[in-house]
2 protein chains.
Amino acid sequence: MRVLVVEDDPILLDGIKVGLALGGVTVDGVATCADARAALATSRFDAIVLDLMLPDGSGLDVLGEMRGRADATPVLLLTALDETADRILGLDSGADDYVGKPFDLDELAARVRAVARRHAGRAAPLMLAGAIALDPSTLSVTVAGEPVSLSRREFSVLAALMERPGMVRSKGEIEDRLYGWQEEVESNTVEVHIHNLRNKIGRTAIETVRGLGYRMRSAT
Amino acid sequence: MRVLVVEDDPILLDGIKVGLALGGVTVDGVATCADARAALATSRFDAIVLDLMLPDGSGLDVLGEMRGRADATPVLLLTALDETADRILGLDSGADDYVGKPFDLDELAARVRAVARRHAGRAAPLMLAGAIALDPSTLSVTVAGEPVSLSRREFSVLAALMERPGMVRSKGEIEDRLYGWQEEVESNTVEVHIHNLRNKIGRTAIETVRGLGYRMRSAT
DNA sequence: TGTCACCTTAAGCCAGCCTTAAGCCGCGGA
DNA sequence: TCCGCGGCTTAAGGCTGGCTTAAGGTGACA
């Protein structure tokens, strides 16, 4: 198992490395958002331990970028602040778990294990649904081989739907995916994006399930 | 979304109910391990909030039994003790998340959401009755392999019947399933839905037991 | 600083679903 | 054989929820 740890305190980082290594985990450690992005661009991890307060930004940004491009690698957040607001923000923005400092190394290791175990068995790089292909790594979408250009929001909506073709996603879930949920959009944004998406990728690709949400047509 | 909350403190239980209800979650509350087992035996939930310390035993026992029979319903543990040992024990015994009292209601709601969302899409029980297959995870129904499109209410009625093929369900039970167990509809709605269902999935699939209710024909 | 794409908001329209209600049918008991 | 009750069928009406369109705002980029 390979885990990326993003933590700017070198002492803490070392401690985590040792703690996880005892459980047979391979650890890559970086200290900044920039390095984290570089690591994510070049390697695949089974889980990521992510500090929120980093010298060059917030870990939430990195997390948001990942989820935005449909990278589902499990993320465990780490923060000095034990504030409820942070926890909610983190969980709703796509984190899989949360640990507040100070924490116990054994507990962290257990949670990393749990989170990675949960994730195992998923993760397909290229998502397919009928004639539509979505590549999270290049942020590109093709319909019957033809490339289609989508805006950022459109891409996120489509990614949310394609993560599990055939499965119904509620508008609320999709909204949670687009925003951190606490932005609480008071309108029919999702409907509008769905509408625009349908114009671009074909009118029948996204099915409406009245009262429940939307789903990708998985069968052709 | 339907959640079972197992908590013996009535005040806390009430608070949780209200907190979750605000997020559009239907909550069933019980106070003992015994009641929890009964609820689990008769109903299906999207997530379970489980107190560890209960008057007639530990929530861990209930969790253990569930996992023992391969019930993968996501479980969020709740306990007064904020001890690391408990956390690890809980996570490693198959819980999906952990919240220590005192906790914030918003946080609990966010975690329940996160845990249920994570779970959705795995472990499709796929209910069968004769040529009819109902997949709760994709909300889809097929008859002899052919997909059939049902409205939300029709789906609920069918799901209620297929939960236990061969078993009679009264109109009252089905109504309770469609609406919260109050709201008392003053008409023959269920009969109408049954009628429409029969038109869609085949006239013989649902059998009428005069004076008692309806049941699925389990055998072909 | 101006332009452009994109996102959000809002409003009106439309369709499908749910409920209600009324009349009919058939089973079972007298 | 007749009657009553429970279930079946049908159709109408209201309403919710989704679709569509358009306008205004905002941020990026030149």
Side-chain angles (χ1 to χ4, degrees), chain A residues 61 64-65 68-69 139-141 147-161 168-217, chain B residues 24 139-141 148-161 168-180 182-217:
Chain A
D61 298 336
E65 290 159 21
R69 64 172 179 267
L139 303 181
S140 63
V141 173
V148 173
S149 101
L150 299 183
S151 73
R152 194 179 34 142
R153 289 272 137 102
E154 287 163 0
F155 185 88
S156 295
V157 171
L158 185 61
L161 290 172
V168 175
R169 307 219 79 141
S170 71
K171 276 189 278 199
E173 282 177 304
I174 298 173
E175 251 172 38
D176 285 359
R177 184 62 173 270
L178 295 189
Y179 323 95
W181 141 274
Q182 77 176 21
E183 281 179 52
E184 199 50 32
V185 182
E186 292 270 348
S187 85
N188 57 347
T189 319
V190 173
E191 290 171 20
V192 174
H193 286 308
I194 292 274
H195 175 238
N196 294 330
L197 257 179
R198 280 176 170 154
N199 284 339
K200 290 185 176 179
I201 65 172
R203 203 140 285 272
T204 60
I206 301 173
E207 206 176 344
T208 303
V209 183
R210 200 184 164 83
L212 293 175
Y214 301 92
R215 89 175 131 204
M216 287 310 281
R217 272 263 296 276
Chain B
L139 305 177
S140 63
V141 173
V148 174
S149 101
L150 300 183
S151 77
R152 190 167 39 138
R153 289 272 139 100
E154 288 162 1
F155 186 88
S156 297
V157 171
L158 185 60
L161 290 172
V168 176
R169 305 218 83 140
S170 72
K171 276 190 275 200
E173 281 178 302
I174 298 173
E175 251 171 38
D176 287 354
R177 182 62 173 269
L178 295 191
Y179 321 95
Q182 63 235 75
E183 224 174 300
E184 280 312 309
V185 180
E186 295 270 348
S187 86
N188 59 345
T189 318
V190 174
E191 290 171 18
V192 174
H193 287 309
I194 293 274
H195 173 240
N196 293 330
L197 258 178
R198 280 175 170 156
N199 284 340
K200 291 185 176 179
I201 65 173
R203 203 141 286 272
T204 60
I206 301 173
E207 207 175 343
T208 303
V209 183
R210 204 181 163 80
L212 293 176
Y214 302 91
R215 88 175 133 204
M216 286 310 282
R217 275 273 275 286

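These values consider heavy atoms only, across backbone and side chains, with no hydrogens, waters or symmetry-generated copies.
Checked against side-chain hydrogen bond (donor to acceptor under 3.5 Å, both in side chains), B:Arg152 has no partners two or more places apart in sequence or in another chain.
A:Glu207 has no carboxylate O lying under 4.0 Å from a charged side-chain N of A:Arg217, or vice versa, which leaves the two without a salt bridge.
Note: B:Thr189 OG1 to B:Arg153 CZ = 8.5 Å, rounded to the nearest 0.5 Å. Taking CG from B:Asn188 and CD from B:Glu175, the interatomic distance works out to 9.5 Å, rounded to the nearest 0.5 Å.
The shortest distance between the side-chain N/O atoms of B:His193 and the OP1/OP2 oxygens of C:dT19 is below 4.0 Å. The side chain of A:Ser151 places no N or O atom within less than 4.0 Å of a non-bridging phosphate oxygen (OP1 or OP2) of C:dA5. Of the side-chain N and O atoms in B:Lys171, none sit less than 4.0 angstrom from OP1 or OP2 of D:dG6.
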Assign a letter to each nucleotide of nucleotides 8-16 of chain D from its 5' end: B, base within under 4.0 Å of a protein heavy atom; S, sugar-phosphate only; -, no contact. BBB-----B
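Counting all heavy atoms, side chain and backbone alike, A:Leu197 lies closest to A:Glu154 at CD1-O, 3.7 Å.
Distance CD1 (A:Ile206) to C1' (D:dC19): 13 Å, rounded to an integer number of Å. Note: CD1 (A:Ile174) to C1' (C:dC7) measures 16 Å, nearest angstrom. Following rounding to the nearest Å, A:Arg152 (CZ) and C:dC7 (P) show an atom-to-atom distance of 7 Å. Going from atom CG of A:Leu150 over to atom P of C:dA5 covers 16 Å, rounded to whole Å. Atom CZ in A:Arg153 sits about 12 Å away from atom C1' in D:dT26, given to the nearest Å. A:Phe155 places its CZ atom 18 Å from the C1' atom of C:dA5, with the value rounded to the nearest Å.
For B:Thr189, whose side chain is taken as the heavy atoms from C-beta onward, the closest listed nucleotide among C:dC18, C:dT19, C:dC7 is C:dT19.
Each of B:Thr208, B:Val157, B:Val209 was scored for a side chain to side chain contact (heavy atoms under 4.5 Å, CB included) with B:Tyr214, with one residue passing: B:Thr208.
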